[in-house]
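Keep in mind that what you see is a predicted model, and the values were worked out from it rather than measured. In what follows, every heavy atom counts, from backbone to side chain, and hydrogens, waters and symmetry copies are set aside. Below, chain A is the first sequence line, B the second, and so on; all start at residue 1.
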Protein chains: 2
Amino acid sequence: MAVSADSAGQVKRNAPGRVRQRNRAKILQAAEHVFAERGYDGATTAAIADRAGLPKANVHYYFGTKSALYRAVIDSIIELWLEAFGDISEDSDPAETLGHYIRAKLAHSRERPLASRIFANEIIRGAPILSDYLKTDLRDWVTDKSRVLRQWANAGKMDPVDPAHLFFMIWSTTQTYADFDVQMRAVLGRQRLTDEDFETAAATITDVILKGCGIAR
Amino acid sequence: MAVSADSAGQVKRNAPGRVRQRNRAKILQAAEHVFAERGYDGATTAAIADRAGLPKANVHYYFGTKSALYRAVIDSIIELWLEAFGDISEDSDPAETLGHYIRAKLAHSRERPLASRIFANEIIRGAPILSDYLKTDLRDWVTDKSRVLRQWANAGKMDPVDPAHLFFMIWSTTQTYADFDVQMRAVLGRQRLTDEDFETAAATITDVILKGCGIAR
DNA sequence: AAGAAACTTGACCAGTTGGTCAAATTCTAG
DNA sequence: CTAGAATTTGACCAACTGGTCAAGTTTCTT
């Protein structure tokens with residue numbers, strides 16, 4: 001995508017393609033909202049267009065079909081996902097590394113709950129779009145990091161916990177704060193989850209998992 | 001619901017109402033499948049009728065509207081949920097009680113994945129139907145059991161872990177095996193999760209959480 | 001047995017949905 | 001400035017959806 005930008009990364013007022021870029025961005029953002037709130041089938045292109053402040057025909061002009069738009073949204077989410085994965089290498093300190101990873105995942109749930117919900121919906125639906133990604137990139141990542149965890153265990157830095165299932169634990173405990181937000185709010189009696197709630201969550205998850213894996217801090 | 005049944009609980013061949021009972025059951029089962037696979041908006045009454053082997057008009061004859069049918073499905077799921085909650089009282093042994101609770105939840109994810117997925121979908125959608133249940137029954141349950149966990153902590157039987165967030169951990173780590181089944185299968189490279197997979201999952205979750213809470217076994 | 005109640009079902013309908021299109025307008029490059 | 005490309009948009013459409021209905025069939029009650 002050829003986009004003109006000045007040194008500060010701002011899009012130039014009169015750069016060619018700026019309309020395209022702005023409208024695509026507006027639509028993608030609107031689509032993220034609507035897909036997250038209503039699911040793929042529940043989302044209508046009309047609702048997305050409304051939220052983007054554009055006529056429906058415009059949405060189709062930029063993305064063709066609803067399914068293509070959904071794909072574009074999913075793609076941008078996966079890009080985020082991969083960034084957030086961060087580094088876990090054998091040289092680093094287990095407590096610090098895993099602690100950091102857990103907090104990063106939780107922060108992501110808080111900052112991008114829509115992305116998390118769309119991802120969750122996609123997986124529950126059987127991952128029609130993401131199944132390739134799961135079987136390749138994600139699987140490789142887990143295989144890779146599992147090696148590190150096993151080395152830590154061999155070095156006596158942690159218990160020999162099954163690495164894949166441990167990652168499942170970390171993913172689920174952190175994602176649940178985005179996907180099941182309503183449930184947590186209902187149980188905790190909150191209108192919105194507060195800073196303290198997230199701090200308690202982070203502390204609880206980190207403490208339990210690190211101690212549970214026999215990782216000294 | 002007045003249903004005639006013999007001493008073994010079997011519905012009598014010629015008991016009045018047996019047609020109604022059988023068809024309602026067929027439709028509910030079909031609806032559970034379709035709602036779990038496609039979500040509320042994605043599910044069509046025609047698809048549900050097809051799966052139940054009945055004409056669409058028949059579905060409407062028994063349940064009126066799609067939304068009423070959805071409600072009926074949700075109700076039957078919540079009934080299950082409440083049963084599965086089991087007993088957690090201060091006299092019981094923490095390790096045994098929590099261990100049992102975790103295994104029961106995981107078994108439920110394995111045996112009734114459709115129910116779990118419908119529940120997840122409902123919560124992600126903002127719990128339009130279940131929000132009352134979350135704010136009353138579920139919240140009360142957590143409040144009640146939190147007292148027990150605090151007593152265990154005071155008695156030195158476990159660390160003073162935040163009870164609500166601990167329950168969130170247990171729920172998410174066990175439910176993820178139903179809701180995110182595709183993801184686990186992709187990562188583990190399985191066509192289906194095996195007995196061993198579930199045993200490893202149960203062991204990992206139980207070990208990490210119990211040890212992480214400082215519960216001796 | 002026979003009338004009443006419950007059930008079955010194909011045909012039908014109005015509203016919604018994703019998607020198209022052509023005419024009008026705005027940009028952009030030379 | 002101007003021709004061609006890109007964008008905008010209201011009107012439109014075929015397919016599908018949840019839901020209805022009336023006429024027939026089966027089951028139940030007495």
Side-chain angles (χ1 to χ4, degrees), chain A residues 1-6 11-28 30-31 33-35 37-74 125 128-129, chain B residues 1-6 11-28 30-31 33-35 37-74 125 128-129:
Chain A
M1 229 185 287
V3 166
S4 306
D6 67 16
V11 176
K12 279 180 188 161
R13 264 276 166 78
N14 286 311
R18 87 208 117 87
V19 178
R20 185 174 194 79
Q21 204 207 10
R22 177 166 36 85
N23 283 349
R24 282 183 61 101
K26 274 205 277 187
I27 294 168
L28 277 172
H33 259 274
V34 178
F35 280 131
E37 265 169 22
R38 318 275 325 262
Y40 179 79
D41 290 292
T44 67
T45 53
I48 293 170
D50 272 1
R51 189 171 244 280
L54 297 169
K56 185 174 66 119
N58 211 318
V59 171
H60 282 96
Y61 173 73
Y62 281 111
F63 289 93
T65 67
K66 175 181 172 180
S67 138
L69 174 54
Y70 179 68
R71 239 166 232 276
V73 172
I74 289 272
R125 275 166 43 93
I129 307 288
Chain B
M1 226 183 290
V3 167
S4 307
D6 67 17
V11 175
K12 280 180 188 161
R13 264 276 166 79
N14 287 310
R18 87 207 118 88
V19 178
R20 185 176 194 80
Q21 204 206 12
R22 177 167 33 87
N23 283 349
R24 282 184 62 100
K26 273 205 276 187
I27 294 168
L28 278 172
H33 258 275
V34 178
F35 280 131
E37 265 169 23
R38 317 275 325 262
Y40 179 79
D41 290 293
T44 68
T45 53
I48 293 169
D50 271 1
R51 191 171 242 280
L54 297 168
K56 185 173 65 118
N58 211 318
V59 170
H60 283 95
Y61 173 73
Y62 281 109
F63 289 93
T65 67
K66 176 181 172 178
S67 139
L69 174 55
Y70 179 68
R71 240 166 232 276
V73 171
I74 289 273
R125 274 165 44 95
I129 308 288

Rounded off to whole Å, could you give me the [atom1]-to-[atom2] distance for the [X] and [N] pair?
X        : N       : atom1 : atom2 : value
Leu69(B) : dT17(D) : CG    : C1'   : 15 Å
Gln21(A) : dC27(C) : CD    : P     : 16 Å
Asn23(A) : dT7(D)  : CG    : C1'   : 9 Å
Lys66(A) : dC16(D) : NZ    : P     : 14 Å
Leu54(A) : dT8(D)  : CG    : C1'   : 9 Å
Ile27(A) : dG18(C) : CD1   : C1'   : 15 Å
Phe63(A) : dT7(D)  : CZ    : P     : 12 Å

Once you apply a heavy-atom cut-off of 4.0 Å, does Ala43(B) come out as touching a base, just sugar-phosphate, or nothing?
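If one applies the 4.0 Å heavy-atom cut-off, Ala43(B) turns out to touch the sugar-phosphate alone, with no base involved.
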Quick check for you: among [options], whose closest atom lies nearest to any side-chain atom of [X]?
X        : options                   : value
Asn58(A) : dG19(D), dC7(C), dT9(D)   : dT9(D)
His60(B) : dG18(C), dG19(C), dG19(D) : dG19(D)
Tyr61(A) : dG18(C), dC7(C), dT7(D)   : dT7(D)
Ala57(B) : dG18(D), dT9(D), dT9(C)   : dT9(C)

Can you tell if the side chain of [X] reaches within under 4.5 Å of the side chain of [Y], non-hydrogen atoms only?
X        : Y        : result
Asn58(B) : Lys26(B) : no
Phe35(A) : Leu69(A) : yes
Phe63(B) : Arg71(B) : no

Base dG19(D) to side chain Lys56(B), donor-acceptor N/O within 3.5 Å cut-off:
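Flag set: donor-acceptor pair detected.
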Which pair of heavy atoms, one from Ala43(B) and one from Arg38(B), lies closest together, and at what distance?
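For Ala43(B) and Arg38(B), the tightest heavy-atom pair comes out as N-CB, 3.7 Å.
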Drop me the distance from Ile48(B)'s CD1 to Lys56(B)'s NZ, to the nearest 0.5 angstrom.
11.5 Å
I want to check one thing: is the phosphate of [N], taken as OP1 and OP2, less than 4.0 Å away from some side-chain N or O of [X]?
X        : N       : answer
Tyr62(B) : dA6(C)  : no
Thr45(A) : dG18(C) : yes
Arg20(A) : dT7(D)  : yes

